[in-house]
Each structure stands twice: as structure tokens, then as C-alpha cells.
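Labels below follow one simple rule: chain letters A, B, ... track the order of the sequence lines, proteins then strands, and each chain is numbered from 1. Computed from a predicted structure; not experimentally measured.
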Protein chains: 2
Amino acid sequence: MTESPAPPKRKAVDEAVDRIRAGILGGEYRVGTDLPGERELSTTLGVSRLTLRAALSRLEAEGLVKPVHGSGTRVLDYREHGGVEMLGHMATLVQLGGEVPFALLADLLELRRVVAVEVMGIAAERITEAELDELARHLVYQASCTGDAQKYVAADIETARKLAQATHNQAILLLSNSIMRVLMQQRGMEFTFLIDIEKAISTYKKMLGLLRARDPLAARKATRTLLARLDRRLLERIAELVGVPPPKVDEGRARGAATTTTTTKATNGVKKGSDGEARS
Amino acid sequence: MTESPAPPKRKAVDEAVDRIRAGILGGEYRVGTDLPGERELSTTLGVSRLTLRAALSRLEAEGLVKPVHGSGTRVLDYREHGGVEMLGHMATLVQLGGEVPFALLADLLELRRVVAVEVMGIAAERITEAELDELARHLVYQASCTGDAQKYVAADIETARKLAQATHNQAILLLSNSIMRVLMQQRGMEFTFLIDIEKAISTYKKMLGLLRARDPLAARKATRTLLARLDRRLLERIAELVGVPPPKVDEGRARGAATTTTTTKATNGVKKGSDGEARS
DNA sequence: CGTCGCCAAGTGGTTTAGCCAGTAAGTGGT
DNA sequence: ACCACTTACTGGCTAAACCACTTGGCGACG
């Protein structure tokens, strides 16, 4: 009962998009080949050709697929054409396979850290007094939300948002949106934020102080070490909760291309059918 | 003749997407309100309701719009829900208005710089010998392409790609994709890369040396200053070419929200109809 | 008089059937 | 052997229609 918040009513087109994307990311539809014809694929997925087309339209926008008029719909290499948002889908797929997307999560956290470090550095130069005050005020509010997970997470997002905004750089703000969206998409990310609340909030307060000091270099350096510690603890903690061994992330990263979606059992493509076919 | 490579045949759904998105980004459809009904909007845009729906489906995926079943299609705030890819569309809109999207371009370059700095830092720790060799080989090739703009740009992208790959972090790789895509989307970005070829290539070579040294801190620091110089020169150069004054970017950035799409003449919303309506 | 329940109109969601426009490969000619 | 044409696919798009859901008003009931 408590575990079905939104699964009952999904739109058919979303379903179709997810299934096709899963087929591509999972290697069922190999890069460089053509998808089945629209008429065939639509019956396969059990939707009308038109909703199938709407789905394909979205996949095209995501850079996963490129329809060629009289010919067919080619499958593109998401590692070349995919954007950040693809990360969420990749991680979700791994999760659906029953695993915790450790490698991806680690990568994602590293990216967030990198961005956060620079956000702090830039914000330390450009943040206004008004924004500083507002941020301080909001931090107090966030600290008061530790009882309500829902509210705390929302407040935490808002904090990240305000920080990004303080850079006065729209590109960074939008990027921050993207990253947060991907992170939020992960199941179990709620407790992500609930693990080290005390530490997190005290970290935020230190950061605020760094911004006040308006010392970009110090802000960057401090943020880097602070967040690194936080993220490391987070990964360890998740590892504990799931009961699996690998808190060691820096080691497993092989040559890049192969490390993609899986480390699962079988059937999960990506690993095998990649480079050979793609280039030719 | 030489200036119409792909404009003749665009798909109707793409056209619809662009027009609606322009309407939203331009403030014609205000945040928080509902879009016109699908039946009405489809006739307005001169497409069938079905292609209109495909378009809406994409806009939904972009986070610009949220259809509510029996009710209507609400316009969301792209500053909250939009991702990185939105940057390209925003800049394109400004360009269509006849202006050069200076502020956005500056923001975008800063973002790229930030990412590049960290890419270098991380790559300096994790790049393999094989990747180093491959990178060196590719740089030689790129240097040989200075005659052919098309090929040079392609090679330059590939260089960025290889660097991102050297981080062995998929999130960063995909982010790099996103950024490159947005940059490429800009008209006139071809000559972006053609302006300081000598400088650019010598910069790359220095970077390669830094990677070889495997000194993350030095790599970061050097990359930061090198790229900052390069980007500054680029903006100045564009300013010259277009004949407008503002190479001074750090100054004009006001409180954030308002600086969005425009600085154009009139009719261009965003500036006015924002916060008041959005929250309430 | 207030409130509840029902019904009708409008919305997005989806389907069926069909036509148009490209591509590619087979098939005939030369 | 080569070239043009035909044909049988492909995706692109439209039309009309129905379903599912929300909303708001209207009327019956308490």
C-alpha cells in the first residue's frame, strides 16, 4: 500500500518511451541498426502507431534515435548524442534490474561536487548582500525541517537552487536544475538527504561563512573537501544499507565505454554490442 | 547557394515545438497559465491536432509544460524545470531577434570553462597511458585540419570528447555532450573555433603536458587561466565582428531572474511577466 | 437555506483508417 | 554491364471519432 505513490496511472506514450529507451540502453536495439518499423513496433508495444510516433519524437529529441524518411529509424549512440538527463534513465534501468547503480551514483555525485565547488567559487565573487541574507534565512528554515523528510528535501533543493542563482550565471543555474532532477529521480534518494542531516547543515553553514568572506579560492578548496567527505560517507552508508561491498569506486572504472549501464547478470547489453557496430 | 544547408525541409512537429517554445520563452504564454486548448492551438499553428500533441509531448519532456488531463496544459517556469539544453533555445531566440546573445554566450563559456577545468583535474588523475597517446595523436591530426573549417570543428569536438572520456566519469561525459550540443547549435559558432586556432592548439598542447605530469592541482590552475584568456579574447573578437560594445560581461548581470532571454526591443516577455504570476 | 449529487460541456488521451512523400531494391530495358 | 523505371517498403501527416477525466453549474434533497 505504502509503496505505490504514482505507478497506477502512467500515460501510454511515457510507457512506450521508457520501453524503447530501455531497449536501446539495454542493447536490445543495437546502435547503428534500425528500429523495427513503426507499424510493427506499435503492435509489439501494444499502442497505436500515433502514440508510438509521439514516443519516437521524444526519443529523437533526446538524441537516442534518428528517423530517416523513406528508410527507417536509426539507433544512435547515446554516449555520443545523449545529454545529462540520460543519466537518470540509465540509473533507473540498473535499479529496475534489482541493483543499486553504484558506479553511476558515484559519478553523479562527483559531478555534483564539481559543479558545487565552482558554484561556490563564483558565488563568492558575485553574491549580493540581499542574497546572502536570504540564504541565511532559508538555512534556518531548512534546519527546522529535520522532522519532515518531505519538507527537508524540498528545502534542500531550494538551498541548492539559491546557491546556483547566486552565481548570476543562467547556464549554471539550468545545469543545476538538470543535476538535481536526475538525483531526485533516483529511488531512495529521499534518505540520501536524511542520512547526515547534522553534518549537512553544519556544512551548509560553513559554506555560508565562506561566501560571506568573499574568498573564491578558499571557498572552492573548503567546499571540495567538505563535499568529498560528505559524499564518501553517503556512498558507504548506502553500501551498508544494501548490504553490498563496494564503497571503493575509484578502482572499478575500466576503459570508460564498457562501464556503462550494467554490471548486472546477463541480457543487459551495452557492454557487448557497442563500439564494433557503432563505427564500422 | 552556400548558405542553405538544411533549412528547406523541417518537420512540422519541430516547427510546432519551436513556435510554442518561443511563445513560452518569449512570454506570450505566461508561466502559471494554461496554453490554449489543443484543438484551438493546432489550428492556430496550422498543424493537425496529432502533430501538435507530439510537439506538446516533447515540450513536456523538456519541462516547459505540464498537461493536466481534464483541465488544460499548464505552462511551467523554465528557470525551475528547464535543463541545460534550454540554453540553446534561449540563445537561438535572441539571435532570431537579430541580436547576439552576449550574456548567454558568456555564461555558457564560463560553464564550459568550469567543466573543462575539472575535467582536466580529474583526467590528470585517471587518464590511462593509452588515452594519453591517443590524445596526442589526435591533436596532431587536429592541427593538420586548420585549412578545412568543417573538419577542424569536428576534430575539436572530438578532442573535447576524448578529454571528457579520460575522466572515466559517465556523468561528466554526458554533460560534456550537452554543453557541446548547445554550443554547436549557435550560429556563427563555426568561426568561434576558427578565431584563434594557433592559440587554441598551443593551449591544447600545454594541457596535454599537464595531463602527462599527472598533477591535478597544476592542471586545474593552468587550465583555468588559459581558458579564461581564450574565452575573453573570443568574446572581444565577436564584439568586434558584430560591431557592438559590451565585452564587459561581469558587470551587466543584474539580480538574475530578469536578465533572461531579452535585452531586445519590446514584446519580448520574460522580463515582465515572471515572478508575480508564477508563485501566487 | 444550505448542501450534496448528478449531469453536461470542455479538456487532454488514444485509436482507427488512410493518404502523402520519400527511399531502396528489384526488374526490365538498352 | 549499365541505366531508368517500377514497386514495395519506410516515415510524415491528417481526418474523424471515441474514451477518460475535470470542472462547474443546476437541481433535488435534507
Exercise. Under the side-chain hydrogen bond (donor to acceptor under 3.5 Å, both in side chains) test, which residues partner B:T92, sequence neighbours left out?
Worked result: none

Exercise. What integer distance in Å separates B:L52:CG from C:dT11:P?
Worked result: 13 Å

Exercise. What is the distance, rounded to the nearest whole Å, between atom CD1 of B:I20 and atom C1' of C:dG12?
Worked result: 14 Å

Problem set entry | Watson-Crick or G-U counterpart of C:dT30, or none if no pair lies under 3.5 Å | D:dA1

For this session: Please report the C-alpha distance between A:L41 and A:I20 in whole Å, then the side-chain angles of each, then the deciding distance to 0.1 Å, and finally whether the side-chain contact (heavy atoms from CB on, under 4.5 Å) criterion is met.
Result: CA-CA 9 Å; A:L41 192 52; A:I20 300 174; 4.2 Å; yes

Seminar exercise, completed: Whole-Å distance, A:K66 NZ to C:dT23 P, equals 12 Å

Problem set entry | B:K162/B:E134 salt bridge by N-O under 4.0 Å criterion | yes

For this session: Starting at atom CG of B:D34, determine the distance to atom C1' of D:dC21, rounded to an integer number of angstrom.
Result: 15 Å

For this session: Send over the distance from A:R10 CZ to C:dT14 P, rounded to a whole Å.
Result: 11 Å

For this session: Any chance you could list the contact pattern along nucleotides 3-11 of chain D? Use B for base contacts, S for sugar-phosphate-only contacts and - for none, protein heavy atoms under 4.0 Å, 5' to 3'.
Result: -------BB

Problem set entry | Side-chain (A:N169) to main-chain (B:D107) donor-acceptor, under 3.5 angstrom | yes

For this session: In whole angstrom, give the distance that lies between atom CG of B:L50 and atom P of C:dC20.
Result: 18 Å

For this session: Would you mind reading off the distance between B:R74 atom CZ and D:dT22 atom P, rounded to a whole angstrom?
Result: 11 Å

Exercise. Which distance, rounded to the nearest 0.5 Å, do you find between the CD1 of A:I24 and the NE2 of A:H89?
Worked result: 12.0 Å

Exercise. Is the side chain of B:N177 donor-acceptor paired with the backbone N or O of A:R79 at a distance under 3.5 Å, no angle test?
Worked result: yes

